[in-house]
Structures are given as structure tokens and as C-alpha cells.
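Only a predicted model underlies this, so the values are computations on that prediction, with no experimental measurement involved. The sequence lines fix the lettering, A, B, ..., with proteins before strands; numbering per chain opens at 1.
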Amino acid sequence: MQVNTEGPLDAKIMLVGEAPGEEEDKTGRPFQGYAGQTLDNLLGQAGIARYQCLVTNVARERPPANKIFYFFEDKKCTIPKPKLAAWINKLREEIILYNPNIIIALGATALWALTGEKKISDFRGYILPCTLVPGKKVLPTYHPQAINYEWKLYFQTVLDLRKALRHSTFSEIPESKQVFMPNVGIQQFVTYMEECIARPEWDKLSVDVETVQPGSHIEELGLSHDPNFGISIFLLKGRTSALPEKDELLLWQTFARLIACKKIVMQNGAYDTGVLWYNNHILVENIWMDTLIAAHVCWPELPRDLGFLGSICLDVPPWKNSSKSLVYNPADAANTLGIAEVLDKEIDKQDNRATFDFEMSLIPVALMMQLQGIEVDREIQKTQVEFWSTKRDELKKQLFTIVGREINFNSPKQMQQLLYFDLRLPVQYKRRKSVKDTRTMTTDANALRILARLVPDNPVFNLILEYKKANTLVNSFLNIELSPEGRVHTSYNITGAASDDEEDTKKTKRSFGRWSSSGSIILPYGSGNLQNIPKEARKMYRTKPGWKIIQADYSQAEAVVVAHLAGNRKMIKMFKDSFGLSKTEKKPYDIHILKAVELFGVLWEQVTDFQRNAGKTVRHARNYKAGPTVLANRLGISMSEAKLLIQTDERVDPSLSMWHHATEQELKRTRVLTNLLGRKHRFLDRWGDSLFRSAYSYIPQSTIGDLLNTALKRLYDMLLEIPFEIIILLQLHDAIYVMVEKERVDETIRILRKAMIIPMCCNNEEFTIDVDFSVGDSWAEGENLEINWREEK
DNA sequence: GATTTTACGTA
DNA sequence: CGTACGTAAAATCT
């Protein structure tokens with residue numbers, strides 16, 4: 001059935017979708033069914049009433065199988081068939097006739113028909129001139145059906161619709177007042193900087209550098225004192241210097257004076273300040289606002305790249321994707337400033353100032369750790385690489401004789417062929433997000449372990465497991481390139497997921513306040529992420545002679561937080577009673593044995609190793625509402641046994657279920673959870689179990705992350721007052737590693753304890769998480785220190 | 001050659 | 001149906 005435009009003729013807003021679907025085809029009306037419901041939901045969140053809008057589609061009939069390319073001549077959907085061309089013409093006539101103030105393009109097809117642009121993720125949220133009817137303005141956003149598939153697009157689409165609503169009161173396209181002066185000469189640039197210095201009323205300054213790799217050398221420097229102005233200068237042309245030495249000297253000298261007297265604004269300032277310090281010896285002491293951090297604090301669930309933030313915060317034309325123009329860098333600088341002004345208000349509006357200040361204060365320590373790096377013992381690296389390479393090759397040879405042919409065990413395809421077709425073993429499937437999804441085969445470690453249990457007499461599975469382990473160890477963690485100084489470096493990302501690529505529509509940006517670690521662009525040495533190094537590879541991270549590595553980790557950190565959140569009195573008492581005791585003295589306060597006693601109804605002294613381990617696993621699994629399958633796999637027991645264990649635990653410890661329920665209620669009310677240190681997170685996923693699971697882990701996980709970083713900052717601030725050297729090596733979510741001279745170990749652990757012991761409050765009860773220490777010559781081996789801290793006092 | 005998928009390491 | 005993170009290699013797309 002033909003589906004035509006519907007809505008009031010004097011509507012200010014026109015919504016244009018792609019094509020009718022099944023429901024639309026039946027009813028003859030646009031946006032019915034599931035997509036229609038989602039549209040209504042979105043409009044409601046944006047404060048728009050659908051009955052006030054004109055609603056239509058580009059295509060007026062349903063294509064076979066809902067595939068829009070049916071209406072195109074070419075696969076890329078750029079040449080419409082006559083039928084579609086006629087509908088587009090009809091759309092043009094309707095726009096002219098009804099003359100809405102704004103046309104909202106829902107999805108890529110509408111975007112293309114109205115503006116000629118193709119990539120919805122690049123243009124969504126920006127006001128574009130309509131090419132179909134010149135003079136009209138278009139705001140593209142995602143199609144409701146895309147949101148049904150990718151629910152994380154929901155919130156940004158609501159923000160887009162709100163922007164469209166603001167624009168619906170007038171028909172004009174906002175005129176850009178921005179002036180950009182890219183690639184100016186040295187004199188002009190220095191004159192600009194001098195003028196900035198002379199005018200204290202220009203209190204803010206946005207700085208943006210473009211760099212070339214390798215080495216992160218500054219190619220272009222952009223500045224802006226006003227969101228409508230940006231200027232830049234080139235320092236490199238290709239690989240050679242663009243300026244005479246004396247000019248470059250003048251530039252940096254003036255720049256150093258300039259930044260000292262302004263509120264500095266940057267996007268991902270940790271990188272820019274890192275480069276300025278490392279390559280140009282310019283210290284940016286205070287950044288007033290890092291827009292990456294501000295965006296993370298306000299909208300941890302959204303992307304944070306400049307293009308995205310510009311679309312949300314500003315009314316400028318899209319500048320990131322319009323063919324690489326020369327104004328790119330000055331536009332970045334100016335728009336970063338504009339974004340900063342919006343975010344500054346947003347921080348207060350959301351009452352997030354404390355979290356913002358906290359994250360900003362972490363930039364220096366994170367940067368110091370990145371530039372400092374950690375030393376690797378080349379000798380041990382060499383022997384480790386040799387040992388594990390040999391082991392890997394032997395395992396491969398052994399496997400070859402058993403299997404009878406060469407197989408790449410890293411290839412999922414070849415593994416499937418071997419296990420499920422050649423050996424005809426029962427196919428193992430991956431977990432699905434929803435029952436509706438089709439099942440996909442897996443040959444991962446867990447599948448191999450299950451198969452090994454099914455066919456106990458066949459050694460091949462365990463051999464494959466061992467081979468893969470050795471292989472990843474060598475390739476990813478041992479055989480790594482060191483810096484000329486024999487160090488590895490990692491970039492600690494305060495805002496978690498560093499990925500700021502615009503294409504990223506798959507990964508969600510959760511970021512629960514923990515740091516992430518990834519490869520340093522400034523010093524690209526080592527395996528990148530230093531927070532996932534296996535124990536075996538940690539052996540090559542050794543102290544220099546006469547020094548010791550101290551590990552200070554929060555003991556049972558997440559469990560303590562969960563106990564307080566759930567109000568489990570028994571556990572709270574155990575943590576309290578054992579606080580400050582030495583490792584040995586803590587033995588009688590073992591929470592895993594406690595859980596085993598509860599689960600198996602045995603006496604404390606009779607708990608076996610298996611039972612203790614089961615207690616540990618059950619408690620952990622139950623905290624985050626894991627199911628029996630996981631438990632069964634983890635403990636190597638049957639499904640029914642696992643189910644029984646979970647049921648028993650639900651009976652002996654109802655506090656967890658109550659906490660889970662309370663969390664759900666809180667989500668229902670506000671969709672916002674606040675951790676014990678005041679960090680807020682809004683949960684925008686589709687309502688359901690996966691949202692809940694993510695939420696259960698949020699408060700414990702993010703509280704520990706913030707607690708540790710608070711301690712790290714306190715330690716960093718103490719370093720100045722300490723008369724000897726403490727080298728901060730690593731941040732591992734709930735542990736800090738430092739290196740000191742042997743004789744300083746005792747003093748250092750007292751300093752660490754002072755930095756790390758931080759009281760927190762939950763349900764009107766104060767509590768403190770204890771810290772355990774171990775000392776050794778490498779990152780892998782450390783001996784526990786037996787200290788009773790109560791006797792210290 | 002670029003992007004997506006699969007697998008795997010840590011807390 | 002633990003969650004969170006980043007990276008390497010294979011597979012797939014263009």
C-alpha cells in the first residue's frame with residue numbers, strides 16, 4: 001500500500017524516514033509498529049509531540065524484504081530508480097508546500113535524499129543545508145529502527161531531537177561567524193600571542209597540537225581565545241622544520257609566557273601536554289578544562305571525540321568530515337573552546353564539579369607514569385622468550401604427530417574444521433545476547449575445556465590449550481620492543497576507553513571511573529596495555545640492583561564494598577575485626593571459609609580446599625548475579641550442583657538479593673547510580689537483565705577505582721616532601737606498585753599506608769579498606785609482609 | 001588495505 | 001546469560 005505524508009499542514013517540524021515497513025504497508029500510515037513506538041518514545045523524551053509533526057518517508061512503498069537498495073540502480077545506493085526519483089520529487093514538492101522550519105532526516109537514506117551526504121554517523125546532530133529544497137535546513141539523526149538494533153544510540157538521538165526542537169522555532173540556518181587563520185607566518189602568530197597576553201579579559205585559551213608519527217613531533221600548533229576565532233602555525237613541513245631556529249625559539253618563548261597567564265582548554269590534554277613537555281620542554285602547569293574529561297564526567301556513556309561533542313554542544317557546521325581542509329586545526333582549537341564553555345555549565349548543572357576536579361587533578365600523575373615507563377631486564381626477557389618459544393614449538397610438534405597435519409590453532413576456522421567436522425565432536429556455541437540471535441560456534445579455551453572433559457582419553461585439547469597459552473605469552477607479552485633505555489611505556493587513560501574514533505558504533509563507552517591502559521603514542525614501546533600482563537611475563541620487570549618493588553593492594557576491596565552496600569553484618573564485622581592485622585593473624589577471618597561453612601554446613605576447621613574455593617567462587621558469582629552455567633564451568637561441577645549452590649546461598653545470605661533489588665529500584669527511579677565517592681553514572685541501556693548486571697558491578701568497581709586513584713594522587717603529592725626517591729611504577733585497578741632503595745622499604749610502606757588508608761561511608765556507617773603489602777625483586781614475585789598495624793600505634 | 005570478528009590477558 | 005578494559009591475529013569486505 002502507498003504510504004503518504006501525514007500530519008498538520010502548518011507543522012514546524014518534518015520527520016523523514018526511509019521506507020514503509022510491514023506495519024506501515026498494512027495500515028498505510030508512516031512509522032507504525034516497533035519503529036513507530038521507538039520514534040514516539042524518542043520524541044517524547046525530546047519534548048516533541050508527534051501529532052505536531054509532518055511524518056513521512058523517502059520511499060512511499062515497502063521494498064521487498066525491507067531492503068532499500070531495491071529502489072536503487074547501484075549497490076552503493078546513489079542512483080535512484082525512476083520510481084524512487086519520483087517519490088523524492090514528491091518529497092521536494094511537499095517540503096515547498098508545507099514549508100516546515102526544520103526537516104529531521106531519520107537515517108542514512110533520508111540524509112542522502114535531503115542533503116546528498118551519505119554517512120549518518122558523521123553528520124548526525126549537525127544543521128545542514130537542504131540540497132533538495134535550497135534554503136531549508138536539515139538535522140540528521142539515527143533511524144528509530146537503528147536504535148532498536150543498537151540501543152546505545154538512544155540517548156544521543158534524544159539530544160539530536162532536542163536540538164531540532166530548538167531549531168524548529170525559526171527557519172534560518174545559523175550563519176557561521178567563525179574566522180579561521182590557518183598556516184600563518186611567525187610574525188602574525190607571535191603578534192596574536194602578544195595580544196592575548198596584553199588582554200587579561202581574554203581569560204581562556206584553547207590549545208591544540210597536530211603531531212606526526214613516529215615521535216609525536218608537533219607539526220601544527222593551533223590557538224583560540226574565542227569560539228569564533230582560531231589561528232595556527234606550521235612547525236613542520238613534511239619531516240623538516242618549517243621555521244628558522246630563532247623563529248621557533250621566539251615562538252616557544254612567547255607561548256610559554258602566554259600559557260602561564262591563561263585558563264588553558266584542551267581536548268585530551270594529557271596527550272598535548274605530554275608532547276609539549278617531552279619534545280619541546282614546555283610545561284603546561286595547569287589545564288583549566290580538558291573537554292575529554294569534562295565529557296567523561298557529564299556523559300560517561302557517550303562518545304567523546306570532538307566531532308561528536310561539537311554536534312551536541314555547538315551550533316557550528318560539521319568541520320571534522322568536510323574534505324580535509326586547512327582550517328582543521330584552528331577549527332579544532334576554536335570549537336574545543338566553545339565546547340568547554342558549554343561543558344563548564346553542564347558540570348554544575350549535573351552537580352559533578354567534585355568528580356571533574358578530581359579527574360583533572362590526576363593528569364600530572366598519569367602523565368608522569370607514562371613518560372617515566374618501567375624498566376625491563378633484557379637478560380630475563382631473552383631467556384623467557386627462548387624458554388616459551390621452545391616450549392611452544394615442542395607443543396606444536398607434538399600436536400602435529402597427533403593430528404597428522406599442520407594446523408594454525410589460532411585460526412577459529414581451522415579449529416572448527418578440526419573439532420566439529422573432522423573429529424565430529426559436539427559443537428560448542430558462544431553465549432548469545434538474546435535468544436533471538438543465531439548461535440555461533442566457538443573454539444575458545446572454555447569450549448576446549450568442556451571437550452576435554454567429554455573425551456578424557458584424548459590429550460589433544462589440553463595440548464592445544466597449552467600451545468595457545470605459550471603462543472600468546474611469547475607474541476603479546478614477552479617478545480616486545482623496548483625503548484633504547486630498555487623501558488616500556490603505557491598511556492594511562494583517566495577517562496577509561498581512550499578510543500575516540502568516530503566510526504566506533506559497536507563498542508559502548510561505559511567507563512566506570514577506572515583508568516585504562518593502552519599503548520603510548522609518545523613512547524610506543526612495550527605491549528601497550530600494562531594492566532593485562534600475565535604473571536609469567538611479569539618476571540622480566542625487575543628492579544635495579546639494590547632496589548625493591550613494593551606492591552600495595554587493597555585487600556578484598558570489592559568484597560568489602562559489596563558487604564557494606566548489601567548490609568551483610570557478618571562480613572562487615574569480619575572485615576572490621578581483621579583490619580590492621582598481619583596476614584597470618586587474618587587467617588581466622590577468611591571470608592571464603594565463612595561462605596563455605598554457610599554453604600556446606602560444615603565446621604570451620606573441616607572446610608576442605610575445594611569447599612573454600614567453591615565458597616570464594618559462589619560469593620563472587622552471586623555478587624554480580626552470575627548464573628549456574630558459569631559456576632559449573634568454573635568449579636567443574638554439574639549444572640544441578642551449581643544451581644543448588646546458588647539456591648543455598650540465596651537462603652543463607654538474602655542481603656545480596658535485597659541489594660540487587662534496591663539497585664533496580666534506584667535505576668527505575670532515576671537511571672542514575674552514585675558510587676561511594678560521589679561519581680555518578682547514568683545507565684541508558686535497554687531496560688533488562690544486562691542493564692542490571694552492569695549496574696550491580698558499577699558501585700563496587702568504580703568506588704575502588706576512585707579510591708585507588710585518590711590514594712595515588714595523595715602519594716604523588718607526598719613525593720615532593722620525601723627526602724628520598726619513590727618511583728611509582730604501576731596502577732593496577734586496586735593496587736599501586738612502587739620501587740625504592742632496599743633501605744627505604746620500611747619507610748615507604750608507612751607512607752603508602754598513609755596515602756591509601758581512606759575512610760569511606762556507606763549507609764551512614766564509616767568503614768576503611770585495609771591494605772596488604774608485599775616486597776620483591778620483580779613484579780612477579782613478592783613476599784607478604786607480616787605487619788600488625790594495630791601495634792604500630 | 002581497511003574493517004570486523006574471535007580470542008585472550010588482567011582486575 | 002559476572003563486568004570492565006586493550007591488543008593480536010584471522011577473517012572478511014571493498
Parallel, tilted or perpendicular: ring planes of A:Tyr154 versus A:Trp151, cut at 30 and 60 degrees: parallel
Worked verdict on A:Asp649 versus A:Lys595 for salt bridge (charged side-chain N to carboxylate O under 4.0 Å, His left out): CA-CA 8 Å; A:Asp649 194 50; A:Lys595 181 58 70 188; 2.8 Å; yes
A:Thr442 vs B:dA7: side-chain N/O to OP1/OP2 distance below 4.0 Å: yes
Options C:dT3, C:dT7, C:dA11, nucleotide nearest the side-chain atoms of A:Lys413: C:dA11
Value in whole Å for how far the P atom of B:dC8 lies from CG of A:Asn529: 17 Å
Lys/Arg N to Asp/Glu carboxylate O, A:Arg542 vs A:Glu781, below 4.0 Å: yes
A:Lys430 side chain, from C-beta outward: closest of C:dA9, B:dA11, B:dA7: B:dA7
Phosphate OP1/OP2 of C:dA11: any A:Ser411 side-chain N/O under 4.0 Å: yes
Within the 6.0 Å centroid threshold, strictly below: A:Tyr698 and A:Phe512: yes
Nearest-nucleotide pick for A:Pro534, side chain only, options being C:dG6, B:dA11, B:dG9: B:dG9
Residue-phosphate contact under 4.0 Å: A:Ser694 side-chain N/O, C:dA4 OP1/OP2: yes
Separation of atom CH2 in A:Trp779 from atom P in B:dT10, rounded to whole Å: 10 Å
Qualifying residue for side-chain hydrogen bond (donor to acceptor under 3.5 Å, both in side chains) with A:His296, from A:Glu301, A:Glu359, A:Arg304: A:Glu359
Distance, rounded to the nearest Å, where A:Gln731 contributes CD and C:dC5 contributes C1': 12 Å
Among C:dC5, B:dA11, B:dT6, the nucleotide that comes nearest once only the side chain of A:Arg514 is considered: B:dA11
Sugar-phosphate only, base, or nothing, as touched by A:Thr440 at under 4.0 Å among non-hydrogen atoms: nothing
Sorted by number, the residues of residues 460-477 of chain A with heavy-atom contact under 4.0 Å to DNA chain B: A:Lys468, A:Thr472, A:Phe477
Sugar-phosphate, base or nothing in reach of A:Thr629, heavy atoms under 4.0 Å: nothing
side-chain N/O A:Thr443 vs B:dA7 OP1/OP2, d < 4.0 Å: yes
Ring centroid separation A:Phe477 to A:Trp388 under 6.0 Å: no
Whole-Å distance separating the CG atom of A:Asn623 from the P atom of B:dA11: 17 Å
Nucleotide nearest A:Pro412 (side chain, heavy atoms from C-beta), chosen from B:dT6, B:dG9, B:dC8: B:dT6
Proximal nucleotide (of C:dA4, C:dC1, B:dA7) relative to the A:Pro628 side chain: C:dC1
Sugar-phosphate only, base, or nothing, as touched by A:Ala445 at under 4.0 Å among non-hydrogen atoms: sugar-phosphate
Closest listed nucleotide, where the reference is the side chain of A:His733 and the choices are B:dA11, C:dT3, C:dG6: B:dA11
Touch class at under 4.0 angstrom, heavy-atom based, for A:Arg619 against every strand present: nothing
Whole angstrom value for the distance that separates P of C:dC1 from CZ of A:Arg686: 19 Å
For atom CD1 of A:Ile533 and atom P of B:dC8, their distance in whole Å: 17 Å
Whole angstrom value for the distance that separates P of C:dA10 from CD of A:Gln416: 15 Å
Parallel, tilted or perpendicular: rings of A:Trp659 and A:Tyr696 (30°, 60°): tilted
Sugar-phosphate, base or nothing in reach of A:Leu530, heavy atoms under 4.0 Å: nothing
A:Asn408 side-chain N/O to C:dA10 phosphate OP1/OP2 under 4.0 Å: yes
A:Lys469 bridged to A:Glu466 by N-O distance under 4.0 Å: no
Salt-bridge contact A:Arg449-A:Asp444 (side-chain N to carboxylate O under 4.0 Å): no
Nearest-nucleotide pick for A:Asn410, side chain only, options being C:dA11, C:dA10, C:dT3: C:dA10
Sugar-phosphate, base or nothing in reach of A:Gly705, heavy atoms under 4.0 Å: nothing
For C:dC1, the Watson-Crick or wobble partner whose two distances fall under 3.5 Å: none
Separation of B:dT10 C1' from A:Glu558 CD (nearest whole Å): 13 Å
